[in-house]
Amino acid sequence: MQLEKSYACHGGTVNYYVHESGITQTSMKFSLFLPPQIKEKEVPYLLFLSGLTCTEDNFTVKAGAYQQASELGIAVLAPDTSPRGETVPNDDAYDLGQGAGFYLDATQEPWAKHFQMESYLIKELLPLVEEEFSLDKSRRFICGHSMGGHGSLTLHLKYPQMFASCSAFAPIVAPSQVPWGQKAFQAYFGNEPEQWQEHDACCLVKKAENADRNPPILIDQGLNDSFLEEELKPHLFKEACSQAGQKLVLREHADYDHSYFFIQSFIADHLRWHYEQK
């Protein structure tokens with residue numbers, strides 16, 4: 001793990017790292033905000049998963065999260081959204097290939113060799129940062145935006161013991177039923193409905209054990225979001241949670257769109273919400 005650059009920020013530091021991943025078989029990048037409290041004790045931390053086209057830099061620069069994170073003493077880990085490089089497969093469209101890893105393990109060629117983002121996060125990146133830094137594993141939170149919102153929901157539901165709480169901004173909640181998800185799943189999995197369902201939050205929450213005992217999930221959705229009706233469909237997740245008994249806080253906001261201005265407006269709420277979960 002190599003430190004590429006570091007910046008003082010709200011009493012802590014924003015650090016950018018690169019490392020060689022044995023799982024994606026590429027170099028992978030991530031940013032990590034370390035609050036000032038980490039000098040004295042272990043701190044909770046948030047894994048933030050970004051959306052289509054993003055890198056480790058988008059949330060780091062645009063979200064305005066670190067003043068609140070510093071005050072609460074929360075570290076924030078923001079990985080890249082996919083493997084990258086000249087030998088890594090890609091697509092001309094923005095919603096497939098590099099920048100569009102969908103936080104899953106692809107099984108179809110040419111994607112399967114490198115596009116192993118689920119295993120990368122769970123088996124490699126989280127253990128790596130927890131070994132190197134004073135992070136509290138018992139207070140590991142997850143959040144994401146859009147494609148990353150899909151990732152935060154699915155990983156939380158697939159690994160319920162790993163994350164103390166989960167939230168999302170404008171997530172893709174039913175990828176099996178919307179163009180973004182159908183395109184990606186067809187490419188990464190082929191015609192395998194069972195694999196599709198293993199990465200669909202609406203399907204996963206219905207199968208979750210003791211869903212009624214799980215911590216609540218927080219979702220913020222802008223009602224001026226141009227992707228709301230065709231790609232996001234939060235009402236489907238609300239219905240699925242209701243059927244499963246999963247507690248859900250779905251907040252809808254007039255005038256807000258899909259941009260980082262939306263995330264800026266409510267990221268402090270999310271950080272406080274995670275911090276207060278027991």
Side-chain angles (χ1 to χ4, degrees), residues 44-51 63 65 68-69 72 74 76-77 103-104 118 121-122 126 136-178 181 196-223 225 227-229 231-254 256 258 262-263 265-278:
Y45 79 103
L46 175 74
L47 171 64
F48 188 90
L49 305 179
S50 295
Q68 183 66 82
L72 294 173
I74 298 176
V76 182
L77 172 63
Y103 305 104
L104 51 79
E118 177 180 336
L121 292 172
I122 299 299
L126 298 187
D136 185 349
K137 299 176 186 178
S138 70
R139 302 188 71 194
R140 183 195 296 119
F141 316 131
I142 190 167
C143 181
H145 171 230
S146 193
M147 177 186 74
H150 143 79
S152 68
L153 293 173
T154 57
L155 294 179
H156 173 64
L157 292 167
K158 292 182 76 173
Y159 303 94
Q161 302 305 314
M162 286 199 68
F163 301 101
S165 54
C166 172
S167 69
F169 292 89
I172 306 170
V173 300
S176 297
Q177 302 180 53
V178 302
W196 288 31
Q197 292 175 11
E198 286 300 311
H199 300 276
D200 186 305
C202 287
C203 297
L204 289 170
V205 75
K206 291 177 183 178
K207 297 191 298 182
E209 295 184 4
N210 301 316
D212 58 326
R213 301 179 188 175
N214 292 338
I217 295 170
L218 171 64
I219 292 178
D220 275 320
Q221 175 63 61
L223 296 180
D225 189 321
F227 302 113
L228 176 60
E229 298 300 326
E231 303 285 6
L232 305 179
K233 301 182 182 293
H235 67 280
L236 296 179
F237 191 63
K238 182 177 181 180
E239 293 168 4
C241 287
S242 178
Q243 293 174 21
Q246 168 67 55
K247 294 181 285 293
L248 173 68
V249 179
L250 173 59
R251 308 192 306 182
E252 297 176 314
H253 305 276
Y256 287 92
H258 201 70
F262 170 51
I263 297 175
S265 301
F266 300 103
I267 188 62
D269 288 357
H270 282 241
L271 288 165
R272 287 191 296 267
W273 186 84
H274 284 287
Y275 187 80
E276 292 167 1
Q277 296 302 308
K278 303 296 184 185

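Here the structure is a predicted model, which means the values were calculated and not measured. Side chains are part of it too, since the values below use all heavy atoms of this structure and drop only hydrogens, waters and symmetry mates.
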For residues 162-170, which side-chain donor-acceptor pairs fall under 3.5 Å, sequence neighbours excluded?
{"unit_1": "S165", "atom_1": "OG", "unit_2": "H274", "atom_2": "ND1", "d": "2.6"}
{"unit_1": "S167", "atom_1": "OG", "unit_2": "H270", "atom_2": "ND1", "d": "2.9"}
{"unit_1": "S167", "atom_1": "OG", "unit_2": "H274", "atom_2": "NE2", "d": "2.8"}

Donor-acceptor contacts, no H, no angles, side chain residues 233-244, under 3.5 Å, sequence neighbours left out:
{"unit_1": "K233", "atom_1": "NZ", "unit_2": "E229", "atom_2": "O", "d": "2.9"}

Nearest heavy-atom pair of [X] and [Y]: which atoms, and what distance?
{"X": "L153", "Y": "A201", "value": "CB-CB, 3.9 Å"}
{"X": "N214", "Y": "A208", "value": "ND2-CB, 4.5 Å"}
{"X": "L49", "Y": "I142", "value": "CD1-CD1, 4.1 Å"}
{"X": "C202", "Y": "A174", "value": "SG-CB, 3.9 Å"}
{"X": "R139", "Y": "Y275", "value": "NH2-O, 2.6 Å"}
{"X": "I74", "Y": "L271", "value": "CD1-O, 3.7 Å"}

Distance-only donor-acceptor check, side chains Y45 and R140, under 3.5 Å: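 R140 and Y45 do have a side-chain donor-acceptor pair below 3.5 Å.
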E118 and Y159 side chains, donor-acceptor separation under 3.5 Å: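 The answer is yes; a qualifying pair exists.
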Working to the nearest 0.5 Å, report the span between [atom1] of [X] and [atom2] of [Y].
{"X": "Q177", "Y": "E231", "atom1": "CD", "atom2": "CD", "result": "12.0 Å"}
{"X": "L157", "Y": "K206", "atom1": "CG", "atom2": "NZ", "result": "12.5 Å"}
{"X": "I172", "Y": "F227", "atom1": "CD1", "atom2": "CZ", "result": "9.5 Å"}
{"X": "S50", "Y": "I263", "atom1": "OG", "atom2": "CD1", "result": "7.5 Å"}
{"X": "I219", "Y": "L248", "atom1": "CD1", "atom2": "CG", "result": "5.0 Å"}
{"X": "L126", "Y": "L121", "atom1": "CG", "atom2": "CG", "result": "6.5 Å"}

Residues in side chain to side chain donor-acceptor pair (under 3.5 Å) contact with E198, at least two apart in sequence or another chain: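 E198 satisfies side chain to side chain donor-acceptor pair (under 3.5 Å) with K207 only.
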Under the side chain to side chain donor-acceptor pair (under 3.5 Å) test, residues paired with S265 that sit two or more places apart: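 Counting only residues at least two positions away or on another chain, S265 forms no side chain to side chain donor-acceptor pair (under 3.5 Å).
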Below 4.5 Å, heavy atoms only, C-beta onward: do [X] and [Y] meet side chain to side chain?
{"X": "R251", "Y": "L218", "value": "yes"}
{"X": "Q277", "Y": "P216", "value": "yes"}
{"X": "D220", "Y": "H253", "value": "yes"}

Pairs meeting criterion salt bridge (Lys or Arg N to Asp or Glu O under 4.0 Å) with involvement of residues 160-178, two or more places apart: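 Counting only pairs at least two positions apart or across chains, no salt bridge (Lys or Arg N to Asp or Glu O under 4.0 Å) contact touches residues 160-178.
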Evaluation steps, side chain to side chain contact (heavy atoms under 4.5 Å, CB included), between K158 and L204: CA-CA 7 Å; K158 292 182 76 173; L204 289 170; 3.8 Å; yes
Qualifying residues under side-chain contact (heavy atoms from CB on, under 4.5 Å), relative to P160, sequence neighbours excluded: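 Checked P160 against side-chain contact (heavy atoms from CB on, under 4.5 Å); zero matches.
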Ring centres under 6.0 angstrom apart (H145, H258):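 Between H258 and H145, which both carry aromatic rings, the centre distance is below 6.0 Å.
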Flag, side chain of K247 to backbone of P215, donor-acceptor distance under 3.5 Å: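 No; zero donor-acceptor contacts below 3.5 Å.
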